[in-house]
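Note sheet for the following structure.
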Amino acid sequence: MIIHDKISSLLPQWRERMRVLAKDHADFVVDHVTAGQIVGGMRDVKALLTDISFVDSAEGIRFRGMSIPEVLKALPRGRAMKMPLVGGFYYLLMVGEVPTREQALEVEADWAKRATVPDYVYKALKAMPRETHPMTLFSQAVLALQNGSSFAKKYQAGMKKDVYWESALEDSLDLTAKLPLIASYIYHLKASGTYRKPKHNPKLDYGANFSRMMGVADKKGYAELTRLYLILHSDHESGNVSAHTMHLVGSALSDPFLSFSAALNGLAGPLHGLASQEFLAWVIEVRNQFGGVPTRDDLRKIAHELLDSGKVIPGYGHAVLRVPDPRFTAQMEFAKKRFPDDELVRLADLVYEVVPQVLKEQGKAKNPAPNVDAISGPLQYYYGVREFDFYTVLFGVGRALGVTANYVWARALGWPIERPKSITTKMLEEIIQKAAQPA
Ligand code: NMX
Ligand code: MLT
């Protein structure tokens with residue numbers, strides 16, 4: 001397989017770079033940790049290494065060094081496609097090079113071969129109570145797939161450490177190939193109570209397949225959005241909850257299925273991926289209250305009321321970014337080009353005009369700008385995907401691309417189990433008191 005061969009050829013030089021860092025520069029001080037960071041969620045502590053993506057606070061995400069516009073421009077597409085092939089993007093994340101169209105299609109073809117889901121997984125989902133949250137179902141289905149993990153089987157059979165990454169890649173390709181089928185099955189289960197076993201069409205690419213399995217009427221437009229959406233949601237360096245969970249669980253040599261199921265549970269939190277669902281629920285509530293798009297003044301008032309009630313404004317703020325999220329901008333541009341008059345898109349745009357100032361006035365949020373979740377919901381809603389508690393599942397399908405690439409490289413470079421040190425509150429206070437005493 002093309003990704004396997006490429007990683008194989010890159011590995012010797014990467015292993016040497018790791019060896020030099022771990023041995024020759026082991027004592028080099030990169031950063032320091034303050035008490036504020038210890039009690040403040042380790043914000044900004046430079047303690048993770050990844051080459052898959054990087055988030056600059058003033059610019060946003062770069063995937064393998066490329067900004068979103070650069071990725072969208074450089075990556076190959078299929079005939080008459082506006083957005084790149086997801087298979088080509090996966091190649092970029094895994095290998096670090098822009099693929100040719102043939103290489104991108106090779107990844108797509110490999111996915112097509114793996115795009116089947118064992119019947120017992122569907123049966124397990126069917127057996128769950130209907131009101132179960134889609135993210136719970138999604139995480140369960142991924143966990144159920146663990147039964148087929150090549151990594152777990154080979155590990156039990158005594159696999160050598162230097163080839164862990166090969167089984168990790170095998171599982172990652174399997175997992176990412178199966179996710180659209182599982183996600184669309186969950187979607188139909190929740191949307192209409194039907195048990196529709198989706199089928200992958202090998203003549204179509206990953207994005208088109210997913211949009212077709214979702215049963216969206218404007219398949220062409222939705223397939224373009226799906227490709228864009230999956231690319232944008234794939235990764236956000238390694239410190240966010242889902243990526244970090246995948247990394248942490250994987251460091252115990254839990255296979256990609258176990259690790260990704262755990263990552264999904266983190267993504268399901270309202271301060272992380274669930275914010276997309278929450279943003280849409282909020283703007284729909286606002287629209288219903290005013291019978292349409294409210295005035296700026298009304299929206300200002302409602303935003304203040306939401307903050308005064310102790311809630312956060314979903315889709316706004318970020319732990320790293322200090323500017324509008326370029327993933328927000330890319331999706332807003334997509335919407336404005338294709339359906340600028342849609343009521344919820346206009347409302348999301350008005351929220352963007354009003355809310356940053358409201359958050360500034362409140363004075364708490366370090367970043368009053370929108371993140372990726374302040375627009376993704378209205379786009380899905382426009383295409384008829386209206387069960388908004390399903391939106392985080394879509395986020396999860398995208399996130400799998402980045403976190404599995406990280407998983408493969410973590411095993412390839414032999415990274416150890418993650419185990420930072422904790423101290424007690426008393427110890428922290430004593431460290432501070434001791435430092436304050438005159439020498
Ligand atoms: N609405 C209200 N308050 C906010 C918001 C917001 N959108 N963003 C930050 N704050 C508050 C935050 O709760 C904290 O309050 P307190 O001091 O009372 O604890 C204060 O501002 C300082 O927080 P920050 O340092 O600016 O943000 P932090 O890094 O802790 O958290 C988020 C980042 C993203 C969790 C936070 O901005 C937030 O809760 N946003 C709304 C939820 C959201 O959109 N999450 C999705 C993030 C992207 N994703 O997809 O994962
Ligand atoms: C993400 O995409 O993971 C979010 O923007 C959260 C983050 O980066 O902290």
Side-chain angles (χ1 to χ4, degrees), residues 36-37 39-45 48 50 52-57 59-63 68 93 135 229-247 260 263-283 300 302-331 348 351-352 354-377 380 388 391-403 406:
Q37 287 172 317
V39 299
M42 296 193 278
R43 206 66 86 251
D44 286 337
V45 178
L48 292 166
T50 176
I52 310 298
S53 72
F54 177 74
V55 179
D56 183 288
S57 62
E59 188 205 33
I61 185 82
R62 277 185 179 262
F63 300 107
I68 292 169
L93 293 185
M135 278 303 276
Y229 181 100
L230 297 177
I231 289 171
L232 296 181
H233 287 77
S234 61
D235 206 30
H236 217 228
E237 66 176 37
S238 283
N240 67 74
V241 171
S242 49
H244 192 194
T245 304
M246 178 90 183
H247 176 70
F260 186 61
L264 286 175
N265 298 339
L267 190 66
L271 297 188
H272 194 12
L274 206 77
S276 165
Q277 150 180 352
E278 307 238 299
F279 177 80
L280 192 69
W282 182 57
V283 289
R300 241 181 84 75
I302 288 177
H304 271 296
E305 278 167 12
L306 187 67
L307 291 176
D308 292 345
S309 73
K311 292 193 178 142
V312 295
I313 297 187
Y316 281 74
H318 201 272
V320 177
L321 288 170
R322 294 296 174 258
V323 290
D325 190 333
R327 300 171 297 173
F328 167 86
T329 312
Q331 290 181 93
V351 172
Y352 178 34
V354 169
V355 160
Q357 183 56 31
V358 171
L359 280 169
K360 274 188 207 156
E361 283 160 13
Q362 192 217 23
K364 286 212 296 189
K366 290 192 190 70
N367 172 33
N371 61 57
V372 66
D373 296 319
I375 182 63
S376 49
Q380 295 296 327
F388 32 92
Y391 292 171
T392 318
V393 173
L394 292 172
F395 195 152
V397 178
R399 186 50 49 106
L401 301 170
V403 297
N406 272 291

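Starting from 1, each residue takes its place in the sequence as its number. Remember, it's 1-based here, ligands and their atoms both numbered in the order they're listed.
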At under 4.0 Å between heavy atoms, which part of [X] makes contact with ligand 1: side chain, backbone, both or neither?
X      : value
Asp373 : side chain
Asn371 : side chain
Leu359 : side chain

Give me the residue, atom name and distance of the protein heavy atom closest to [atom].
atom                    : answer
atom 51 (O) of ligand 1 : His272 ND1, 2.7 Å
atom 39 (O) of ligand 1 : Leu271 CD2, 3.4 Å
atom 16 (P) of ligand 1 : Lys364 NZ, 4.0 Å
atom 13 (O) of ligand 1 : Val312 CG1, 4.2 Å
atom 3 (O) of ligand 2  : Arg399 NH1, 2.8 Å
atom 36 (C) of ligand 1 : Tyr316 O, 4.3 Å
atom 26 (O) of ligand 1 : Lys366 N, 2.7 Å
atom 10 (N) of ligand 1 : Ala365 CB, 3.8 Å
atom 9 (O) of ligand 2  : Asn240 CB, 3.5 Å
atom 8 (O) of ligand 2  : His236 ND1, 2.7 Å

With side chain to side chain contact (heavy atoms under 4.5 Å, CB included) as the test, would you mind laying out the steps for Val323 and Glu59 before giving the verdict? CA-CA 7 Å; Val323 290; Glu59 188 205 33; 6.0 Å; no

Contact between [X] and [Y] at the side-chain level, heavy atoms closer than 4.5 Å - yes or no?
X      : Y      : answer
Ser376 : Gln331 : yes
Leu307 : Val358 : yes
Val351 : Trp282 : yes
His233 : Leu394 : no
Ser234 : Arg399 : no

Backbone N or O of Gly402 within a donor-acceptor pair of the Asn406 side chain at under 3.5 Å?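 Answer holds: yes.
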
Side-chain donor or acceptor of Asn371 paired with backbone N/O of His318 under 3.5 Å: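 A pair under 3.5 Å: no.
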
Please report the interatomic distance [atom1]([X]) to [atom2]([Y]), rounded to the nearest 0.5 Å.
X      : Y      : atom1 : atom2 : result
Thr329 : Ile68  : OG1   : CD1   : 7.5 Å
Thr50  : Asp235 : OG1   : CG    : 6.0 Å
Ile61  : Ser53  : CD1   : OG    : 3.5 Å

Yes or no on side-chain hydrogen bond (donor to acceptor under 3.5 Å, both in side chains) for His304 and Glu361, after CA distance, side-chain angles and deciding distance? CA-CA 9 Å; His304 271 296; Glu361 283 160 13; 2.9 Å; yes

Give the atom numbers and elements of ligand 2 that come within less than 4.0 Å of a heavy atom of His318.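 Contacts of ligand 2 toward His318, numbered from 1: 4 (C), 5 (O), 6 (C), 7 (C), 8 (O), 9 (O).
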
From the candidates Arg43, His233, Arg399, the one that places a heavy atom nearest atom 30 (O) of ligand 1: Arg43

From the candidates Asp325, Asn367, Leu274, Ile313, the one that places a heavy atom nearest atom 1 (N) of ligand 1: Ile313

For the pair Tyr391 and Phe388, name the ring-plane relationship: parallel under 30°, tilted 30 to 60°, perpendicular over 60°. tilted

Counting only non-hydrogen atoms of the protein, does one fall under 4.0 Å from [atom]?
atom                    : value
atom 33 (C) of ligand 1 : yes
atom 21 (O) of ligand 1 : yes
atom 18 (O) of ligand 1 : yes
atom 43 (C) of ligand 1 : yes

Phe63 ring center near Phe54 ring center (under 6.0 Å): no

Could you list which atoms of ligand 1 come closer than 4.0 Å to a heavy atom of [X]?
X      : answer
His318 : 33 (C), 34 (C), 37 (O)
Leu307 : 1 (N), 2 (C)
Ala319 : 29 (O), 33 (C)
Gly315 : 43 (C), 44 (O)
Ala275 : 43 (C), 44 (O), 45 (N), 46 (C)

Record the part of His233 in heavy-atom contact with ligand 2 below 4.0 Å; permitted values are side chain, backbone, both and neither.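 For His233, there is no contact with ligand 2 at all, from either part.
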
Heavy-atom pairs closer than 4.0 Å: do any link ligand 2 to the side chain of Glu237, the backbone, both, or neither?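 No part of Glu237 comes within reach of ligand 2.
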
contact_flag [X] ligand 1 heavy-atom lt 4.0 Å:
X      : value
Phe395 : yes
Val241 : no
Glu278 : no

Are any of the N or O atoms of Ser242 closer than 3.5 Å to those of ligand 2?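 Not met; the criterion fails.
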
Does any N/O atom on Arg327 come nearer than 3.5 Å to any N/O atom on ligand 2? yes

Looking at every non-hydrogen atom in both residues, tell me the closest pair between Ala374 and Ala348 and how far apart they are.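 Heavy atoms of Ala374 and Ala348 come nearest at O-CB, 4.0 Å.
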
Using the side chain to side chain contact (heavy atoms under 4.5 Å, CB included) definition, which of the options Ile375, Asp373, Val372 pairs with Ser276? Asp373

side-chain hydrogen bond (donor to acceptor under 3.5 Å, both in side chains) between His236 and Arg327: does it pass, once the steps are laid out? CA-CA 10 Å; His236 217 228; Arg327 300 171 297 173; 3.3 Å; yes

Step by step, would you call Phe395 with Tyr229 a ring-ring contact (aromatic ring centres under 6.0 Å, His included)? CA-CA 8 Å; Phe395 195 152; Tyr229 181 100; 7.2 Å; no

